[in-house]
2 protein chains.
Amino acid sequence: MPGPPPTALQPRKTPRQSRSRVTVEAIFEATIQVLLRGGMNELTTTRVAERAGVSVGTMYQYFPNKQALVYALNARYLDALAARIEATCREHAGAPLGQMVEALINTYWTAKTERADVTRALYRSVAELNNDVLIHAFAERVDRATTEMLASACDAVFPDVPRANLALVTVIYGTVRNAFERGVSDQEAAALRQDLTTMCRAYLANFRA
Amino acid sequence: MPGPPPTALQPRKTPRQSRSRVTVEAIFEATIQVLLRGGMNELTTTRVAERAGVSVGTMYQYFPNKQALVYALNARYLDALAARIEATCREHAGAPLGQMVEALINTYWTAKTERADVTRALYRSVAELNNDVLIHAFAERVDRATTEMLASACDAVFPDVPRANLALVTVIYGTVRNAFERGVSDQEAAALRQDLTTMCRAYLANFRA
DNA sequence: CCAAAACCTGAAGCCTTCCTCATATTCTGA
DNA sequence: TCAGAATATGAGGAAGGCTTCAGGTTTTGG
């Protein structure tokens with residue numbers, strides 16, 4: 001049961017005028033760029049500010065420290081990802097299991113690969129954070145959506161929905177991530193994705209009504 | 001095709017006398033401990049040396065820099081892990097598919113969970129390394145073993161062994177890792193592990209002779 | 001037993017980084 | 001229009017980290 005994010009990691013103040021919204025946006029984008037080039041080791045406040053075209057002081061007006069910046073960036077990313085998954089789940093409420101699996105894998109896979117380098121950079125950056133809160137919040141939110149979807153399947157009845165859900169999402173998210181880390185080729189990725197779908201379908205077949 | 005590890009990351013010299021072997025061992029252990037406490041951010045050379053009961057200078061006699069230390073630690077861990085997987089694969093050459101899957105999952109899962117905190121710490125530490133070389137070397141070595149095992153199955157014939165292998169290992173390794181990151185309970189873990197086995201078996205059933 | 005090799009020490013130099021703050025600029029609302 | 005709020009600046013203080021090296025101690029091989 002994760003509490004709220006540590007106060008030391010919360011944003012300092014939220015931009016009110018449009019110019020500052022642009023600034024914050026630039027800072028986020030710059031952070032990604034720096035992360036892409038040199039990873040966490042070379043992510044310095046000066047470098048980010050420089051790349052964003054603002055001064056260090058400006059950065060510190062919105063983020064109390066460096067960690068908070070990376071934290072916010074990841075929170076932002078996960079929020080968008082969760083929203084996409086939720087949308088997929090809504091769209092497939094009441095559908096047959098097969099379609100659900102395919103849709104879920106498709107959404108997740110696409111979200112991760114459409115900007116593969118960014119995904120990788122974030123995967124790495126989040127590793128040095130106190131990411132438990134982030135991860136849990138994300139997991140909880142997304143679990144709610146997928147569980148609900150599964151329970152609504154028109155051609156299945158689950159003796160234990162949360163269990164089936166956990167198996168599904170863990171396998172899917174884990175596989176995608178591992179595929180990333182291995183740096184599989186496009187060909188391999190395509191085959192892998194197909195096989196992953198096969199596996200999930202075969203698993204869910206056990207619950208056919 | 002990854003080359004050899006960057007020279008900047010190679011150990012400086014290998015201990016010859018037994019006392020220095022003890023020292024190096026202590027340094028490794030200390031590194032793990034420090035990593036456990038505070039992660040990469042708090043891993044400083046001074047702290048590691050202090051915890052190991054040696055002076056900083058000693059550390060630098062064996063590792064040219066801090067990164068090399070973490071690199072070596074991970075290389076060591078992956079080497080042991082690979083050895084265990086290879087052993088499992090040898091033991092199950094010619095066995096039926098079902099047993100192979102179960103054994104592989106068992107070995108990997110056990111290896112990761114018997115010292116869960118260490119596993120987690122290393123997962124995190126490796127994220128800030130130039131880990132491509134490490135990952136690839138590990139993957140290649142382990143793939144060789146598992147592929148060979150699969151090909152030897154007494155009750156199956158694969159149209160494309162490497163493909164089936166990639167699917168299997170990516171799903172297994174990825175799932176285990178993701179389970180870690182979510183911090184699943186023991187109960188959930190047990191169920192998940194069972195379901196993972198079910199999935200893999202169902203997948204492999206497609207190749208039954 | 002002794003010389004050479006291996007090993008260990010830890011204070012100190014150098015460098016980078018984070019973050020603040022006093023000041024300047026821009027915007028908003030009445 | 002203009003006062004006050006919001007935003008931006010960037011040099012510099014303070015802290016801490018990495019790494020070296022000159023000089024000790026221990027071990028080994030003969």
Side-chain angles (χ1 to χ4, degrees), chain A residues 6-31 33-35 37-73 125 128-130, chain B residues 6-31 33-35 37-73 125 128-130:
Chain A
T7 57
L9 291 182
Q10 276 171 329
R12 203 163 239 173
K13 78 177 184 189
T14 33
R16 303 208 169 288
Q17 305 177 355
S18 76
R19 110 184 111 136
S20 55
R21 272 192 293 274
V22 170
T23 298
V24 171
E25 187 53 41
I27 291 175
F28 277 136
E29 192 54 38
T31 308
Q33 295 304 325
V34 175
L35 235 31
R37 280 198 62 74
M40 259 313 219
N41 336 32
E42 300 188 20
L43 186 88
T44 70
T45 53
T46 334
R47 206 135 26 201
V48 169
E50 189 181 19
R51 179 118 203 172
V54 302
S55 75
V56 226
T58 298
M59 239 197 62
Y60 278 89
Q61 209 140 32
Y62 300 101
F63 306 97
N65 52 56
K66 200 177 79 168
Q67 285 222 343
L69 170 65
V70 181
Y71 189 93
L73 183 65
S125 76
E128 352 193 358
L129 256 46
N130 253 0
Chain B
T7 56
L9 291 181
Q10 276 172 329
R12 203 163 238 171
K13 78 178 184 188
T14 34
R16 305 209 168 287
Q17 305 178 353
S18 77
R19 114 183 109 138
S20 56
R21 272 191 293 274
V22 171
T23 297
V24 171
E25 187 54 39
I27 292 175
F28 277 136
E29 192 55 36
T31 308
Q33 295 304 326
V34 175
L35 235 31
R37 280 198 64 74
M40 258 314 220
N41 336 31
E42 299 188 21
L43 187 90
T44 70
T45 53
T46 335
R47 227 173 324 240
V48 168
E50 189 180 18
R51 178 119 204 171
V54 302
S55 76
V56 227
T58 299
M59 241 198 60
Y60 277 87
Q61 209 140 33
Y62 302 101
F63 306 98
N65 51 57
K66 202 177 75 167
Q67 285 223 341
L69 171 64
V70 181
Y71 189 94
L73 183 65
S125 75
E128 351 194 359
L129 257 47
N130 253 359

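Naming: A, B, ... by sequence-line order, numbering from 1 per chain. Because the structure is a prediction, the values reported are computed rather than measured.
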TODO: Evaluate side chain to side chain contact (heavy atoms under 4.5 Å, CB included) for B/Val70 paired with B/Glu128, printing each intermediate quantity in order.
DONE: CA-CA 10 Å; B/Val70 181; B/Glu128 351 194 359; over 6 Å; no
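- In this model, the phosphate group of D/dT7 is not approached by any side-chain N or O of A/Thr58 to a distance below 4.0 Å at OP1 or OP2.
- Residue A/Glu50 contributes atom CD, which lies 12 Å from atom P of D/dA11 at whole-angstrom precision.
- In this structure, OG1 on A/Thr14 lies 9.5 Å from OH on A/Tyr62, to the nearest 0.5 angstrom.
- Listed nucleotides D/dA8, C/dC7, C/dC8 differ in distance to B/Pro15; the shortest reach to its side chain belongs to C/dC7.
- Considering only side-chain atoms of B/Val56, the nucleotide from C/dG10, D/dT27, C/dT9 that sits closest is C/dG10.
- At a threshold of 4.0 angstrom between heavy atoms, the contacts of A/Tyr62 are confined to the sugar-phosphate backbone, with no base atom among them.
- Comparing A/Arg12 and B/Lys13 along DNA chain C, the residue whose closest nucleotide (by nearest heavy atom) sits nearer the 5' end is B/Lys13.
- Backbone-only contact: A/Leu43 has heavy atoms under 4.0 Å from sugar-phosphate atoms and none from a base.
- Side-chain contact between B/Val34 and B/Glu50 is absent, with no heavy atoms from C-beta onward closer than 4.5 Å.
- Taking the nucleotide of DNA chain D with the nearest heavy atom to each of B/Gln67 and B/Arg19, the more 5' of the two is matched to B/Gln67.
- Counting only heavy atoms from C-beta on, B/Tyr60 has its side chain closest to D/dT20 among D/dT26, C/dT9, D/dT20.
- Here C/dC7 is the nucleotide among C/dC7, D/dT7, C/dC18 with the atom lying nearest to any side-chain atom of B/Ser20.
- Counting non-hydrogen atoms under 4.0 angstrom, A/Arg47 reaches the backbone sugars and phosphates but no base.
- Rounding to whole angstrom units, CD of residue A/Gln61 and P of C/dT23 are separated by 16 Å.
- Of the candidate nucleotides C/dT17, D/dT9, D/dC18, D/dC18 has the atom lying nearest to any side-chain atom of B/Thr44.
- Residue A/Thr46 has its side chain nearest to C/dC18 when only C/dC7, C/dC18, D/dT19 are considered.
- Of all nucleotides listed (C/dC8, D/dT7, C/dC19), C/dC8 comes nearest to the side chain of B/Ser55.
- Side chain of B/Gln17, nearest nucleotide from D/dA8, D/dA6, D/dT27: D/dT27.
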